Peer 1: 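Sending over a structure as C-alpha cells; questions will come in a sec.
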Amino acid sequence: MKIWPGKPYPLGATFDGVGTNFSVFSEVADRVELCLYDANGAETRVELPETTALIFHGYLPNIGPGQRYGFRVYGPWDPANGHRCNPAKLLLDPYGKSVEGQVQWDDAVFGHRFDDPDQSNDADSGPFMPKSVVISPYFDWQWDRRPRTPWHRTIIYEVHVKGFTKLHPGIPENLRGTYAGLAHPAAIKYLQQLGVTAVELMPVHQFIHAKHLLDKGLRNYWGYDSVSFLAPHNEYAASGQAGQQVTEFKQMVKALHDAGIEVILDVVYNHTAEGNHLGPMLSMKGIDNSAYYRTHEGRYYMDYTGTGNSLNMRHPHVLQLIMDSLRYWLLEMHVDGFRFDLAATLARELHDVDRLSAFFDVIQQDPVISQVKLIAEPWDVGEGGYQVGNFPSLWSEWNGKYRDAIRDYWRGSDQMIDDLATRLTGSSDLYADNGRKPYASINFITSHDGFTLRDLVSYNEKHNEANGENNHDGADDNRSWNSGAEGPSPDAQIIAVRGRQQRNFLTTLFLSQGVPMLLGGDEIGRTQRGNNNAYCQDNELSWYDWQNVDDGLLAFTCRLIRFRKEHQNFQRRRWFLGRSVRGVSDIGWLKPDGEQMTDQDWNSTFARTVGVFLNGRAIPTPDHRGEPIVDDSFYLLFNAHYEAIDFKLPNCPWGDKWECVLDTNEIVPDFRVRHEWNAGDALKVQAHSVIVLRRAD
C-alpha cells in the first residue's frame with residue numbers, strides 16, 4: 001500500500017477529504033506500524049515512514065471515514081526500567097476520535113506473561129481489541145450558539161446518558177440509553193420543565209468494562225475508566241455504524257443548546273483503564289509507558305486514584321494530549337465546560353498537590369479553555385489530596401464541606417451553627433481570599449458517588465451486597481439518617497418525615513448562595529436500595545425509574561427551582577458584607593426569640609434552629625445596565641429539632657409584615673400568599689422543616 005510522508009501534526013488520524021494523515025508520539029519506539037482493518041477483521045500493516053520530533057507519521061491517500069485502525073510499536077521491552085513496547089499488541093490511538101467495539105478479555109490483551117511478568121506475551125491481541133476509527137470532521141452546526149449562562153444563574157443537573165433515557169416512556173425504544181435519546185424532545189422538554197440550565201454528563205469518553213466486573217455479571221456503569229480522551233463512548237450511540245457516535249453526540253449538543261441548556265462533561269484525565277503493572281496493554285502503556293504514566297522503581301505505577309495508575313502530567317506530550325482533548329471537545333463538539341474527576345491528581349508535581357502546577361498554568365493562559373466553565377473535584381486518594389478551597393481563581397469546585405455540613409445539620413448531629421451559616425452564604429472561608437465569588441462553590445447534597453437523596457433519608461448504613469464485594473466497597477461516612485427505620489417502611493409517620501427531609505435538603509440547596517447541583521433522579525425519588533457505590537450496576541438499580549415517579553417531589557423541585565431563578569437574592573454575585581447597606585444590614589442571623597445571634601450562640605454545638613434575613617434592597621451588584629438590583633427580602637426559618645419551635649418575628653428594621661411563601665411541611669408549594677404575620681408575632685415551625693417568609697411591607 002502506497003504511503004506518503006505526511007505531517008507530524010495534528011496528532012491522530014486526520015481526514016482532509018482526499019486521504020488521511022496518521023501521527024503518533026513515542027520517544028522510545030524504534031518504529032511504528034499502522035494497522036488497517038477491513039469490515040471482516042482482515043489486517044494490513046503499513047510502517048509509518050517519517051519521524052519528526054519523536055512523532056511517527058504518514059499519509060494514506062484514499063483512506064477515509066469509517067476506516068478501522070490501530071498501531072503496533074516496536075521498541076524496548078524492559079519493565080524494570082519502565083519500558084513495555086510489544087509489537088504483538090494492537091494499540092488504540094491516544095488521539096482517536098472514534099472507537100469501534102469493546103475489549104474481549106483474552107490473555108492476549110496483556111503485554112506480559114501471567115507466570116512471569118518480566119517476560120513479554122507474544123500472542124497477537126488484534127482479534128480481541130477494539131479499533132480506532134477514522135471520522136469525518138464535517139458537521140453542519142447551522143445556528144448553534146452556546147447558551148453562555150452566567151455562573152450565578154447556573155443550575156447543574158448531574159445526569160447519566162444511559163440511566164436517564166433507558167426506561168423513559170416518552171423516548172422511542174431504539175433511542176433509549178443513547179445520545180440521541182437525550183436529544184429527543186421528550187427528554188429536553190423534561191429538562192426545561194425542571195428548570196436546570198446545564199447538564200453535567202457522567203463520563204462519555206470511551207471507556208472499558210473491566211474483566212473482574214464482567215466475570216461477576218456486572219459492568220462499568222459510571223464510566224470512570226477512560227481509554228480514549230477524544231472519542232465519545234460507542235455504546236451510547238443509537239447507530240451501529242463505525243464513527244457515527246461523533247455525529248450523534250454533536251446532534252445531542254446542538255439540540256440541548258437549542259433549548260438553552262449547556263453541556264458540561266465529567267472528564268477523567270487522572271488515570272486510564274490500563275491499570276497497574278499487571279493490567280492490560282490497550283494504548284499508552286505500549287506506546288510509551290514511562291512517558292505517559294508516573295512510575296517508581298521503573299516497574300511500578302504511582303497511584304493517587306485507587307485505579308492502578310496516574311497519568312504523568314509533568315511530561316509535555318501528556319500535558320499536550322490533555323489540552324488537545326479539552327480544545328477538541330470545545331471547538332469541534334461545542335461543549336460548554338468540564339468537571340475534572342479527582343482533580344488534585346492533575347495538580348501533583350512530585351508528590352504534593354501544587355495549585356500552581358503546570359496543568360493549571362497552561363489552562364490559565366489558554367485562550368479557549370480558560371473561557372469556559374471549569375469545575376474541580378478537589379480531592380484524590382493520595383496523601384494531602386483533600387484540597388477543597390485551594391484551586392486557582394478560574395475554577396469552581398465541588399464543595400464537599402457544603403455537602404457534609406448540610407447533611408450534618410438535617411440529621412441533627414452536633415456542630416456549630418456558624419458552619420451551617422458559612423455554607424449557606426457561599427463558603428467565603430474557602431473562596432474569598434483569592435478573588436473568587438460565591439459561585440466558586442458548587443453546592444450539592446448528593447452526587448453519583450454515594451446515596452441518592454431518597455436513600456440519604458432512608459438508610460443509616462450502606463447496602464452494597466449487589467456489587468459482589470461483601471459490602472466492603474463504598475464510603476462508610478454517609479452522614480445519613482433513616483428517619484426511624486432502615487430501608488422501606490410502611491409507617492406513615494416515617495414516610496412523612498422522609499418526604500419532609502427530602503424537601504428540606506432541596507430547599508436548603510436551592511436557597512443557598514453558590515451554584516446548586518442536583519443529582520439526576522433525586523427530584524423523582526430515585527432509590528438505589530441503599531447502594532452507595534453503584535458504579536457497576538448497569539441495570540434497573542441505577543436507571544431512572546420513570547414508572548414510579550414521586551410526583552409531589554417533582555412538582556416541589558420544579559417550583560423551587562423556578563422560585564430561585566426569579567429572585568436575585570438567592571443568586572448573588574458578591575459576598576455578603578454583614579453590615580448596613582441602604583439603611584439595613586444585607587444579612588441578619590436571628591434566634592427563635594427574634595434577637596440577633598451572639599458569640600455564645602455561634603459557638604453552640606447543639607443549636608438546631610436559626611433564622612436568616614436576606615435583604616433584597618442590599619444587593620451590591622448592579623444589573624447589566626448599571627442600575628441597582630432590588631429584590632424581595634426574605635426570612636428563612638430552619639428547624640432541625642425533633643420538636644416544633646416557636647419563632648418570634650423580629651421588629652423593625654427587619655420588617656413589619658411577613659407572608660409565608662414556602663413551608664416544607666407542604667408536599668407541593670404554590671408560593672402564593674396564604675398567611676400573613678406582623679412583627680412580634682410567634683410563628684410555629686414544625687419539627688424538621690423550613691419556612692420561607694417574604695417581607696410584605
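As a basis for the values below, the full set of heavy atoms in this structure was taken, side chains included, without hydrogen atoms, waters or symmetry mates. No experiment lies behind these values; they were computed from the predicted model shown.
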Peer 1: Would you indicate whether Asp599, at its atom CG, is surrounded by more than 12 heavy atoms from other residues, nucleotides or ligands within a distance under 6.0 Å?
Peer 2: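 It does not: Asp599 CG has 12 such atoms or fewer within range.
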Peer 1: Salt bridge or not for Arg146 and Glu262, using N-O below 4.0 Å?
Peer 2: no
Peer 1: Which label fits Phe359 and Phe340: parallel for a plane angle under 30°, tilted from 30 to 60°, or perpendicular past 60°?
Peer 2: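 Rings of Phe359 and Phe340: perpendicular, over 60°.
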Peer 1: Please name the pair of heavy atoms, one in Ile261 and one in Ala198, separated by the smallest distance, quoted to 0.1 Å.
Peer 2: CG2-CA, 4.0 Å
Peer 1: Is any side-chain heavy atom of Lys565 closer than 4.5 Å to a side-chain heavy atom of Ile155?
Peer 2: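 Yes; the side chains approach each other to less than 4.5 Å.
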Peer 1: Please report the closest heavy-atom contact between Ala421 and Trp602, naming both atoms and the distance.
Peer 2: CB-CZ3, 3.7 Å
Peer 1: Determine whether Leu420 and Ile406 make a side-chain contact, defined as any pair of heavy atoms from C-beta on separated by less than 4.5 Å.
Peer 2: yes
Peer 1: Take atom CD of Gln600 as the centre, draw a 6.0 Å sphere, and report whether it contains more than 12 heavy atoms from other residues, nucleotides or ligands.
Peer 2: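 No, not enclosed.
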Peer 1: Counting N and O atoms only, with roles assigned by atom type, does the side chain of Asp586 sit under 3.5 Å from a partner on the main chain of Ala618, one being a donor and the other an acceptor?
Peer 2: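 Between the backbone of Ala618 and the side chain of Asp586 there is no qualifying donor-acceptor contact (under 3.5 Å).
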Peer 1: Could you walk me through whether Arg348 and Asp380 satisfy the salt bridge (Lys or Arg N to Asp or Glu O under 4.0 Å) test, starting with their C-alpha distance in whole Å, then the side-chain angles of each, then the deciding distance to 0.1 Å, before giving a yes or no?
Peer 2: CA-CA 10 Å; Arg348 291 184 181 271; Asp380 65 17; 2.9 Å; yes
Peer 1: Test Phe444 against Leu519 for side-chain contact (heavy atoms from CB on, under 4.5 Å), laying out the working first.
Peer 2: CA-CA 8 Å; Phe444 66 105; Leu519 171 62; over 6 Å; no
Peer 1: Taking everything shown except Ile645 itself, do over 12 heavy atoms lie less than 6.0 Å from its CD1?
Peer 2: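 Yes, enclosed.
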Peer 1: Atom CG in Asp336, atom CZ in Arg148: separation rounded to 0.5 Å?
Peer 2: 8.0 Å
Peer 1: Can the ring centres of Tyr635 and Phe647 be said to be less than 6.0 Å apart?
Peer 2: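 No.
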Peer 1: Step by step, work out the side-chain contact (heavy atoms from CB on, under 4.5 Å) result for Val685 and Thr609.
Peer 2: CA-CA 10 Å; Val685 180; Thr609 55; over 6 Å; no
Peer 1: Taking Tyr409's backbone N and O only, do any of them form a donor-acceptor pair with Ser413's side chain (distance below 3.5 Å, no angle check)?
Peer 2: no
Peer 1: So Trp658 and Arg695, side-chain contact (heavy atoms from CB on, under 4.5 Å) or not? Walk me through it.
Peer 2: CA-CA 5 Å; Trp658 297 94; Arg695 183 172 176 176; 3.7 Å; yes
Peer 1: When you measure from the side chain of Asp631 to the backbone N and O of Asn569, does any donor-acceptor pair fall under 3.5 Å?
Peer 2: yes
Peer 1: Whether the side chain of Arg503 engages the backbone of Glu666 through a donor-acceptor N/O pair (distance < 3.5 Å, no angle test) should be reported.
Peer 2: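 Flag set: sc Arg503 to bb Glu666 pair under 3.5 Å.
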Peer 1: Given the side-chain rings of Phe563 and Phe570, with only the six-membered ring counted for Trp, is the space between their centroids under 6.0 Å?
Peer 2: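 For Phe563 and Phe570, the ring centres are under 6.0 Å apart.
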Peer 1: Out of curiosity, Leu553 CG to Asp522 CG, how far, rounded to the nearest 0.5 Å?
Peer 2: 8.0 Å
Peer 1: Would a 4.5 Å heavy-atom cut-off, applied to side chains only, mark Tyr402 and Thr508 as touching?
Peer 2: yes
Peer 1: Checking Val388 now: which residues fulfil side-chain contact (heavy atoms from CB on, under 4.5 Å) with it, not counting sequence neighbours?
Peer 2: Pro378, Trp379, Tyr386, Glu397, Asn399, Lys401, Leu430, Tyr431
Peer 1: Salt-bridged, Asp414 to Arg608, with N to O below 4.0 Å?
Peer 2: yes
Peer 1: Tell me the closest heavy-atom pair linking Ala679 and Pro650, and the distance in Å.
Peer 2: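 Where Ala679 meets Pro650 most closely, the heavy atoms are CB-O, 3.2 Å.
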Peer 1: In the structure I gave you, are the side-chain heavy atoms of Asn434 and Trp395 within less than 4.5 Å of one another anywhere?
Peer 2: no
Peer 1: Does some side-chain heavy atom of Leu614 sit less than 4.5 Å from a side-chain heavy atom of Leu636?
Peer 2: yes
Peer 1: Under a 4.5 Å cut-off applied to non-hydrogen side-chain atoms, are Glu659 and Arg694 in contact?
Peer 2: yes
Peer 1: Do side-chain atoms of Arg500 reach the backbone of His688 as a donor and acceptor pair under 3.5 angstrom?
Peer 2: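 The answer is yes, because a donor-acceptor pair under 3.5 Å joins these two groups.
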Peer 1: Apply the side chain to side chain contact (heavy atoms under 4.5 Å, CB included) test between Trp589 and each candidate in Thr598, Leu424, Ile417; give the one that qualifies.
Peer 2: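 Only one option passes, and that is Leu424.
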Peer 1: How long is the gap from CD1 on Ile619 to CD on Gln568, to the nearest 0.5 Å?
Peer 2: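 That separation rounds to 6.5 Å.
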Peer 1: Look only at the side chain of Asn639 and the backbone of Gln686, and say whether a donor-acceptor pair between them is shorter than 3.5 Å.
Peer 2: yes
Peer 1: Thinking salt bridges, do Asp593 and Lys648 make one under a 4.0 Å N-O criterion?
Peer 2: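 Salt bridge absent between Asp593 and Lys648.
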Peer 1: Assess the pair Phe229 and Tyr269: is the distance between their ring centroids shorter than 6.0 Å?
Peer 2: yes
Peer 1: If you look at every heavy atom in Trp222 and Pro203, which pair is closest and at what distance?
Peer 2: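 Taking Trp222 first and Pro203 second, the nearest heavy atoms are O-CD, 3.3 Å.
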Peer 1: Please name the pair of heavy atoms, one in Phe360 and one in Ala343, separated by the smallest distance, quoted to 0.1 Å.
Peer 2: CZ-O, 4.4 Å
Peer 1: Report yes if the side chains of Leu194 and Leu554 come closer than 4.5 Å at any heavy-atom pair, otherwise no.
Peer 2: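 Sidechains of Leu554 and Leu194: in contact.
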Peer 1: So Asp258 and Ile188, side-chain contact (heavy atoms from CB on, under 4.5 Å) or not? Walk me through it.
Peer 2: CA-CA 10 Å; Asp258 288 348; Ile188 289 179; over 6 Å; no
Peer 1: Checking side-chain hydrogen bond (donor to acceptor under 3.5 Å, both in side chains) against Arg423, which of Asp429, Asn443, Asp418 comes through?
Peer 2: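 The side-chain hydrogen bond (donor to acceptor under 3.5 Å, both in side chains) with Arg423 is passed solely by Asp429 among Asp429, Asn443, Asp418.
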Peer 1: Rounded to the nearest 0.5 Å, how far apart are CG of Leu346 and CG of Asn270?
Peer 2: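 Leu346 CG to Asn270 CG: 6.0 Å, rounded to 0.5 Å.
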Peer 1: Hey, does the side chain of Gln528 reach the backbone of Ser542 with a donor-acceptor pair shorter than 3.5 angstrom?
Peer 2: no
Peer 1: Under 3.5 Å, is there a donor-acceptor pair between the side chain of Gln502 and the main chain of Val457?
Peer 2: no
Peer 1: So, Arg479 and Asp477, do they make that salt bridge, N to O below 4.0 Å?
Peer 2: yes
Peer 1: Among side-chain atoms of Gln501 and Asn504, is any donor-acceptor pair under 3.5 angstrom?
Peer 2: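 Result is yes, a qualifying pair exists.
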Peer 1: According to side-chain contact (heavy atoms from CB on, under 4.5 Å), who are the partners of Asp144, at least two apart in sequence or on a separate chain?
Peer 2: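 For Asp144, the residues satisfying side-chain contact (heavy atoms from CB on, under 4.5 Å) (neighbours in sequence not counted) are Trp141, Lys254, His257, His334.
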Peer 1: With a 3.5 Å distance limit and no angle check, can you tell me whether Arg436 reaches the backbone of Gly389 through a side-chain donor-acceptor pair?
Peer 2: yes
Peer 1: For the CH2 atom of Trp410 and the OG atom of Ser689, what is their distance to the nearest 0.5 Å?
Peer 2: 6.5 Å
Peer 1: Could you tell me which non-hydrogen atom of Met252 sits nearest to which non-hydrogen atom of Leu201, and how far apart they are?
Peer 2: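 Of all heavy-atom pairs spanning Met252 and Leu201, the closest is CE-CD1, 3.7 Å.
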Peer 1: Measure the CZ-CG distance between Arg617 and Asp632 for me, rounded to the nearest 0.5 Å.
Peer 2: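 Arg617 atom CZ to Asp632 atom CG measures 10.5 Å (nearest 0.5 Å).
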Peer 1: Looking at Arg564, is its backbone amide N or carbonyl O close enough to the side chain of Gln571 to form a donor-acceptor pair, meaning the two atoms are under 3.5 Å apart?
Peer 2: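 Judged by distance alone, yes, a pair lies under 3.5 Å.
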Peer 1: According to the interplanar angle, ranging from 0 to 90°, do the rings of Tyr439 and His152 count as parallel (below 30°), tilted (30 to 60°) or perpendicular (above 60°)?
Peer 2: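 Rings of Tyr439 and His152: tilted, 30 to 60°.
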Peer 1: For a 4.5 angstrom cut-off between non-hydrogen side-chain atoms, does Asn478 reach Leu456?
Peer 2: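 Asn478 vs Leu456: side chains apart.
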